[in-house]
Amino acid sequence: MNRATAIALAAALALGGAACSEVRQIEESGTGVAACTGCHGDASRAEDVALVQAAPPATVGGAPDGGAHMAHLHPGAFAPAAACDACHEVPSVVTHADGVVSVTFPSLPRPSGVEPRWDAASGTCSNVSCHGATRQGAPAATPAWTSTAALGCGSCHGNPPASHGQGSADCSGCHTGTVNANGTIRVENGLHVNGSVESASAHAQDWGLETQHGYSVNRTGLASCKECHGTSLTGGSGPSCASCHDDTVPGWDTSCTFCHGNRQTQVASPPVDTQGRSATSQISVGVHASHVGTTMATPIACGQCHPARTGSVVSDAAHVDGDAVAEVVFGALAKTGGAAAGYSRTGTVPATCSSVYCHGEFTGGARADPSWTSSTAATCTSCHGRPPATRRHGTHSSYACAECHGHAGAGATHVDGAKNVPLPGISGASWNGSRCGSFTCHGKGHSSTWTW
């Protein structure tokens with residue numbers, strides 16, 4: 001039996017004998033057969049991000065070849081934590097248990113068009129920007145995945161590089177965005193190990209790319225830009241930002257889709273987020289699309305969950321302020337009937353809504369606390385019974401919802417904060433807020449109290 005077959009068999013055993021080819025929706029957290037940790041990783045790890053729990057070791061079947069996963073998935077002295085999709089396509093269904101470890105580097109930076117590669121036979125990476133591809137003097141640029149050798153500045157580039165004065169020791173003098181004055185790396189701003197060269201002479205190589213300065217500004221805020229480009233970004237020691245941006249997006253500073261969403265469709269909400277990501281497992285993406293594209297109700301407006309943004313991002317100090325957590329301030333819809341709408345998120349921990357009207361915070365409602373990154377589609381019973389357990393709904397269960405409410409769980413009058421009873425499906429019917437009257441099921445002219 002070859003190793004690939006052995007791994008696939010081990011996976012099947014780990015899943016209680018379920019076929020590895022069976023299509024099942026993956027659950028990022030938990031320990032069930034559909035959870036990532038059902039086959040690899042360790043669900044007991046104290047981690048903020050479920051996918052980190054899923055990373056080897058332990059691997060499929062307990063094989064001890066987890067390699068350097070943990071070193072990559074936690075922040076270190078040289079770089080922030082890498083996301084799983086830097087090296088792997090993160091699957092959504094269990095069809096990948098085929099004994100083959102797929103390493104395609106889907107979101108890894110590719111400087112100067114250099115394509116990263118993975119050699120499964122030798123277990124080594126090459127041409128990867130994070131280990132010095134295209135840099136001068138990089139002895140560890142083709143690292144073995146199972147190597148335990150400690151990495152230093154000289155592992156990925158010369159220390160100093162050959163193009164620098166060999167007596168140069170103060171990296172921070174030119175690389176102020178990357179290196180602190182004491183020689184340690186400024187990991188928090190993400191400029192180190194990002195596939196580009198940051199220098200104080202102007203900006204990093206390729207800084208004009210959206211993936212460089214655009215993503216960096218969205219992470220760290222506009223304050224540092226104003227030091228050179230002026231308090232209104234109309235020019236200072238550096239040029240006006242509009243001199244470039246207006247060529248691509250006129251009125252860029254008031255355009256929502258300049259930083260997130262889709263410029264082609266003009267849908268401002270993610271996907272795509274401010275870092276170019278579209279995976280719904282990212283909290284910055286989550287189920288935005290389900291809320292703004294819903295057919296269950298009128299699409300939810302941004303202002304129902306976020307503070308209203310008016311004017312330019314330059315003048316709005318609370319917008320693009322370097323805060324990694326988006327502000328959530330619920331509007332009137334979520335608070336219908338006095339609901340104490342709440343939102344919980346700390347750092348990278350999955351976000352949750354609670355006590356919101358639109359998810360059943362009302363009499364007879366399900367009072368659900370949905371996860372923002374859930375892949376489970378909402379149905380009628382996600383928010384209330386079908387029929388609801390309140391008043392006389394049970395005795396009217398033979399009637400279709402649309403006969404009394406004018407909809408069957410969809411449309412503009414659903415999830416709108418009001419109890420709409422137009423009775424369109426019953427001839428001659430009337431409703432005064434508490435009584436039904438003048439229709440055949442209760443007798444002509446008879447009026448029946450809903451609480452009766």
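Note that the coordinates shown come from a computational prediction; the quantities given were computed from them, not determined experimentally.
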What distance separates Q275 CD from H260 NE2, expressed to the nearest 0.5 Å?
-> 12.0 Å
Apply the test side chain to side chain donor-acceptor pair (under 3.5 Å) to residues S102 and T104: give CA-CA distance (whole Å), side-chain angles for both, the deciding distance (0.1 Å), then the verdict.
-> CA-CA 6 Å; S102 176; T104 59; 4.8 Å; no
Work out which heavy atom in A418 is nearest to a heavy atom in Y357; give both atom names and the distance.
-> N-OH, 4.0 Å
Shortest non-hydrogen contact from C380 toward R386 = SG-NH1, 3.9 Å
Parallel under 30°, tilted from 30 to 60°, perpendicular over 60°: which one fits the rings of W252 and F258?
-> tilted
Are R309 and E327 close enough for a salt bridge, meaning some N to O gap below 4.0 Å?
-> yes
Test side-chain contact (heavy atoms from CB on, under 4.5 Å) applied to C87 and L108, step by step = CA-CA 7 Å; C87 300; L108 199 70; 5.6 Å; no
H74 vs V52, side-chain contact (heavy atoms from CB on, under 4.5 Å): CA-CA, chis, key distance, verdict | CA-CA 9 Å; H74 290 98; V52 177; 4.3 Å; yes
Hey, are the side chains of T184 and V179 touching, using non-hydrogen atoms and a 4.5 Å cut-off?
-> no
Where do T373 and S281 come nearest, in terms of heavy atoms and distance?
-> CG2-O, 3.7 Å
Which of T220, D253, V313, V314 passes side-chain contact (heavy atoms from CB on, under 4.5 Å) with V320? It is V313
Counting N and O atoms only, with roles assigned by atom type, does the side chain of T294 sit under 3.5 Å from a partner on the main chain of H291, one being a donor and the other an acceptor?
-> no
T178 OG1 to I185 CD1 distance, which is reported to the nearest 0.5 Å = 7.0 Å
Under 3.5 Å: donor-acceptor pair, side chain of H192, backbone of A79 = no
Under the 3.5 angstrom rule, does the side chain of H359 hit a backbone N or O of S355 as a donor-acceptor pair?
-> no
Do W118 and H88 make the cut of ring centroids closer than 6.0 angstrom?
-> no
Look at the rings of H384 and F362 and say which category their plane angle falls in: under 30° parallel, 30 to 60° tilted, over 60° perpendicular.
-> tilted
State yes or no: are the ring centers of H213 and H245 separated by less than 6.0 Å?
-> yes
Can S232 and T234 be said to form a side chain to side chain donor-acceptor pair (under 3.5 Å), step by step?
-> CA-CA 5 Å; S232 298; T234 54; 4.9 Å; no
Does the S315 side chain pair with the main chain of S312, one donor and one acceptor, at a distance under 3.5 Å?
-> yes
Do P116 and R110 touch side chain to side chain, with heavy atoms closer than 4.5 Å?
-> yes
Decide yes or no for N189 and R219: does some side-chain heavy atom of the first lie under 4.5 Å from some side-chain heavy atom of the second?
-> no
Where V285 and A279 come nearest, the two heavy atoms and their spacing = CB-O, 3.3 Å
Give a yes or no answer on whether the side chain of S129 reaches the backbone of P109 with a donor-acceptor pair at less than 3.5 Å.
-> yes
Residue pair H131, T142: steps toward the side-chain contact (heavy atoms from CB on, under 4.5 Å) verdict = CA-CA 7 Å; H131 284 282; T142 307; over 6 Å; no
When rounded to the nearest 0.5 angstrom, what distance separates NZ in K419 from OG1 in T336?
-> 11.5 Å
E188 with R186: basic N within carboxylate O range, under 4.0 Å | yes
Are the side chain of Q304 and the backbone N or O of L333 linked by a donor-acceptor pair below 3.5 Å?
-> yes
Side chains of W372 and T352 in contact at under 4.5 Å (non-hydrogen atoms) | no
Contact check, side chains of S216 and L191, non-hydrogen atoms, under 4.5 Å | yes
Would you name the heavy atoms of P350 and I283 that are closest together and state the gap between them?
-> CA-CD1, 3.5 Å
Apply side chain to side chain donor-acceptor pair (under 3.5 Å) to D273 and S284, showing your working.
-> CA-CA 6 Å; D273 73 1; S284 51; 2.5 Å; yes
How close do M70 and P56 get, heavy atom to heavy atom, and via which atoms?
-> CE-O, 3.8 Å
Do H306 and V329 have side-chain heavy atoms sitting under 4.5 Å apart?
-> no
Gap separating the SG atom of C358 from the CZ atom of F330, nearest 0.5 angstrom = 7.0 Å
Measure the CG-OG distance between D246 and S240 for me, rounded to the nearest 0.5 Å.
-> 7.5 Å
Any donor-acceptor N/O pair, D321 side chain to G221 backbone, under 3.5 Å = no
Verdict with reasoning, C225 to V217, per side-chain contact (heavy atoms from CB on, under 4.5 Å) = CA-CA 8 Å; C225 302; V217 168; 3.5 Å; yes
Hey, is the main chain of A144 close enough, under 3.5 Å, to the side chain of S147 for a donor-acceptor pair?
-> no
Which value, rounded to the nearest 0.5 Å, describes the distance between K226 atom NZ and T231 atom OG1?
-> 7.0 Å
Which residues satisfy the ring pair (Phe, Tyr, Trp, His ring centres under 6.0 Å) test with H407, sequence neighbours excluded?
-> H414
Would you call F105 and C125 a side-chain contact if the rule is heavy atoms closer than 4.5 Å?
-> yes
Counting only N and O atoms by type, is there a donor-acceptor contact under 3.5 Å from the side chain of N262 to the main-chain atoms of Q264?
-> yes
So do E115 and N127 actually touch side chain to side chain, heavy atoms under 4.5 Å?
-> no
